[in-house]
J.: 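The following block contains the structure, expressed as structure tokens.
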Amino acid sequence: MSLPFLEGLNSPQHEAVTLPRQSALVLAGAGSGKTRVLTTRIAWLISTGQASPHSLLAVTFTNKAAREMLTRISGMLPINTRGMWVGTFHGLSHRLLRTHWREAGLPQLFTILDSQDQLSLVKRFLKDLKVDDQKYAPRQVQYFINANKEEGLRPSAVEATDDFRRRLLEFYSAYEDLCRREGVVDFAELLLRSFELLSEDEILRQHYRARFQHVLVDEFQDTNRLQYQWLQLLAGESNAVFAVGDDDQSIYAFRGARSANMQQFERDFGVERVIKLEQNYRSHGNILDAANALIRQNRMRLGKNLWTSEGAGEPLRLYRAPSDTAEATFIVDEIRMLAAEGVALTDIALLYRSNAQSRVLEHALFSASVPYRVYGGLRFFERQEVKHALAYLRLIANPDDDGALLRVINFPARGIGTRTLEQLQGTAQGMGASLWQAACQRGGKGARITASGKGLEGFVELIERLRAATEGLPLPEAIEHVIEMSGLAAYYNAEREAAERMENLAELVNAAAAFVSEQDRGILPAGEAFDAETAAVPETELTAFLNHAALEAGERQAGPGTDCVQLMTVHSAKGLEFHTVFISGLEEGLFPHENSLTEADGLEEERRLMYVALTRARRRLYLSFAQSRMLHGQTRYNMASRFLKEIPPELTRRIGGFAVESPFARPYATVPAGPQGPPFVRETRLVASGLRVGQSVVHPKFGAGVIVGAEGRGDDARVQVSFRNAGVKWLALEYAKLTPA
DNA sequence: CTAGCTGCTGTTTTT
DNA sequence: CAGCAGCTAG
């Protein structure tokens, strides 16, 4: 049998693809054909008869990656991919829970909470409990809950080491109660709940283990503890897990990813040989050399060196700008030049560390009429008006969803204020019921005679009318009705900036139409028919759509048709490649981000992030930084990022004229970074009062440190000091008693 | 009850 | 410079 898709694989790729059924680890560098190996292996397993689509499960982290995988497989094999389980950890977990909601102890029509919804739920009950939000910030409580869930820990399993944590645990428990009462499930819960389902239900576990003979995992370095355990549970002793990953591209440790899972996987799953893919098919030599040199500074690595058979290519271009706006102008000028040379705008990416940085760049692009597209930031399903519309839909699907109710009970305004709401909440508490049930009672009794359409009564009536009017309608039409009848349309039409909001609402209808038709064609993994043997009642179309909205926040909204420059954070650039890449804002404090310096392993993660950024470029790479930058409404003066010095100067070319005291003058090796990294401090800048960046100082309380940054002048002057034992702090020069050491 | 204002705070990355 | 919570005037 000839297998055309095996042609052109290099030898480690070929080995990985055709490995006999066993657990295997593939260490795949950036641009080394990772996805190709994964999908080709699936094609190989199927076409050689070693596996049926039915016995395959492939898991990724993003919906995009899952889709990409399905597309490629269909391109190689003329099979129906429907029998395969391909999706994200969350998507697959969701599917398990949807099928086995009863066994998992969930209501049949449970809905999914995205992180925004989760946060507002947390805020809500913290307020009810009258918690001091100075001491317990909602975001921290949310983080605490998620972090524990991602370790696989329920409240009872978490140790309360002190009063503070004891309190947090109470919140965690209270939060769980609330979720149960409202029939909602957050992201982490999807995983944890499905994990518990499989671990507690022997029969189900055996069933799925018998089914999924082959489990394939993409981006293995991004798995957290719970996901690892989930895989272990699903695979059991006898099934083969084929894991692909790159420890150097682990950039999600901040949310629990453990690249150490790769080493643990080797041991736990009896991996005989680790296959390394080191040949890079993406970038020219100089770019790879730079990336290799940079990542070599990390100590915690499995070890890997990328190479290419292509030439060295152009040197990397370094640019120092006096200000963030100047940096943006420079970038735009270069883009126009590139465009004139025939580089497609779509093939140019502007990368930055944090979303806030896109503003300046957008402004410059806009002024120069260069079309661009920003990824990330506010996603489609997270927009206010869309959330409102979805909240009405959620209420139709599940009236006990208090979060949804609170969101729209008085939006558009219908005379229900804090007072009414308080009473309502009181009633609900008394009844031990949802707000909706309480509202039905109060509104239903018609206690007050109000103009129809107003007050609680009006709201209850409205929702009931909505439910009646949309019943049996095709989803897109139902949504149109909701937008009209709820008053959202009237409200936004009256607003000044209505146009965009109305467009988004119209787009929501389109999204529903697209969802329905894709589901009919079986494209969406979520919409697949359930296992015959479990014969679950399928969720309604509406619930399916709502969960789709939560699970897939609407990654892309603009039509991909137009030729435009791509703006995104480095995180969201992972997995992509471009002819030309600009990495901007390469400044100490920004990239590496100052918050990372106080975290364990923080600097190494930042460096991996930089590594990811560098390896996105195929042909041309620009690295730039600005000496001053507006941040949070203040001008800050930053030094060049230490990462710039970790790139060998012979690979680079400075453009735009540098001063003699160039921060690029010296390779990293001469200034070793300590554990907290003080930082490379070549460039000296007078701050004030004789102190300068780079100077060693002593503080009466914090001890010895080095000045790593400065901002403001005169009385406002502040310096950032990295203390040997006290971390990095900003100090006002006026007050801090700093003495030169 | 609503709307509009003020003052405060929190700012990394996101499935 | 946001976005949000809380307050005040209508």
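Just so you know, these numbers use all the heavy atoms, side chains as well, and skip hydrogens, waters and symmetry mates. Proteins get letters first, then strands, A, B, ... in listed order; numbering begins at 1 in each.
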J.: For A:I416, which contact category applies under a 4.0 Å heavy-atom criterion: base, sugar-phosphate, or nothing?
T.: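 Result for A:I416 = sugar-phosphate.
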
J.: Whole-Å distance between B:dT14 P and A:N63 CG?
T.: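 Rounded to the whole Å, the gap is 15 Å.
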
J.: What distance, rounded to whole Å, do you find between the two P atoms, one in B:dT13 and one in C:dC4?
T.: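 So the two P atoms sit 15 Å from each other.
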
J.: Which residue lies toward the 5' end of DNA chain B, A:N595 or A:T60, if each is placed at its nearest nucleotide?
T.: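 Going by which nucleotide is closer to the 5' end, it is A:N595.
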
J.: Between A:R359 and A:E362, is there a salt bridge with N-O shorter than 4.0 Å?
T.: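 The answer is no: the pair does not qualify as a salt bridge.
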
J.: Using a cut-off of 4.0 Å on non-hydrogen atoms, how would the nucleic acid contact of A:N410 be classed: base, sugar-phosphate, or nothing?
T.: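 If one applies the 4.0 Å heavy-atom cut-off, A:N410 turns out to touch the sugar-phosphate alone, with no base involved.
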
J.: Counting heavy atoms from C-beta on, name the nucleotide in B:dT11, B:dT14, C:dA2 closest to the side chain of A:H571.
T.: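 Selected nucleotide (nearest to the side chain): B:dT14.
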
J.: Between B:dA3, B:dC1, B:dT14, which nucleotide has the shortest distance from any of its atoms to the side chain of A:R379?
T.: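 Selected nucleotide: B:dT14.
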
J.: Are OP1 or OP2 of B:dT13 and a side-chain N or O of A:N355 less than 4.0 angstrom apart?
T.: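 Answer yes for this pair, as a side-chain N or O of A:N355 is under 4.0 Å from OP1 or OP2.
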
J.: Please pick, from C:dA5, B:dA3, B:dT12, the nucleotide with the shortest atom-to-atom distance to any side-chain atom of A:R353.
T.: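 Among C:dA5, B:dA3, B:dT12, the one nearest the side chain of A:R353 is B:dT12.
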
J.: Aromatic rings A:F220 and A:F265: how do their planes relate, parallel, tilted or perpendicular, breaks at 30° and 60°?
T.: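 Correct class here is tilted.
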
J.: If we require ring centres under 5.5 Å and near-parallel planes under 30°, does A:F254 stack on B:dT12?
T.: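 No; by the centre-distance and plane-angle rule, A:F254 does not count as stacking on B:dT12.
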
J.: Using the test side chain to side chain donor-acceptor pair (under 3.5 Å), find all partners of A:R124 that sit at least two apart in sequence or belong to another chain.
T.: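 In terms of side chain to side chain donor-acceptor pair (under 3.5 Å), with neighbours along the sequence ignored, A:R124 is linked to A:E182.
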
J.: By nearest atom, which of the nucleotides B:dT14, C:dG6, B:dT12 is closest to the A:H593 side chain?
T.: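 Closest nucleotide to the A:H593 side chain: B:dT12.
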
J.: When all nucleic acid strands are considered with a 4.0 Å heavy-atom cut-off, which category describes A:K574: base, sugar-phosphate, or nothing?
T.: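 It contacts nothing in the nucleic acid.
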
J.: What nucleotide, of C:dA5, B:dT11, C:dA2, holds the atom closest to the side chain of A:K123?
T.: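 The listed nucleotide nearest to A:K123's side chain is C:dA5.
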
J.: Classify the side-chain pair A:Q566/A:Y375 by whether it contains a donor and acceptor separated by less than 3.5 Å.
T.: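 Their side chains do contain a donor-acceptor pair, which is all the 3.5 Å distance test asks for.
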
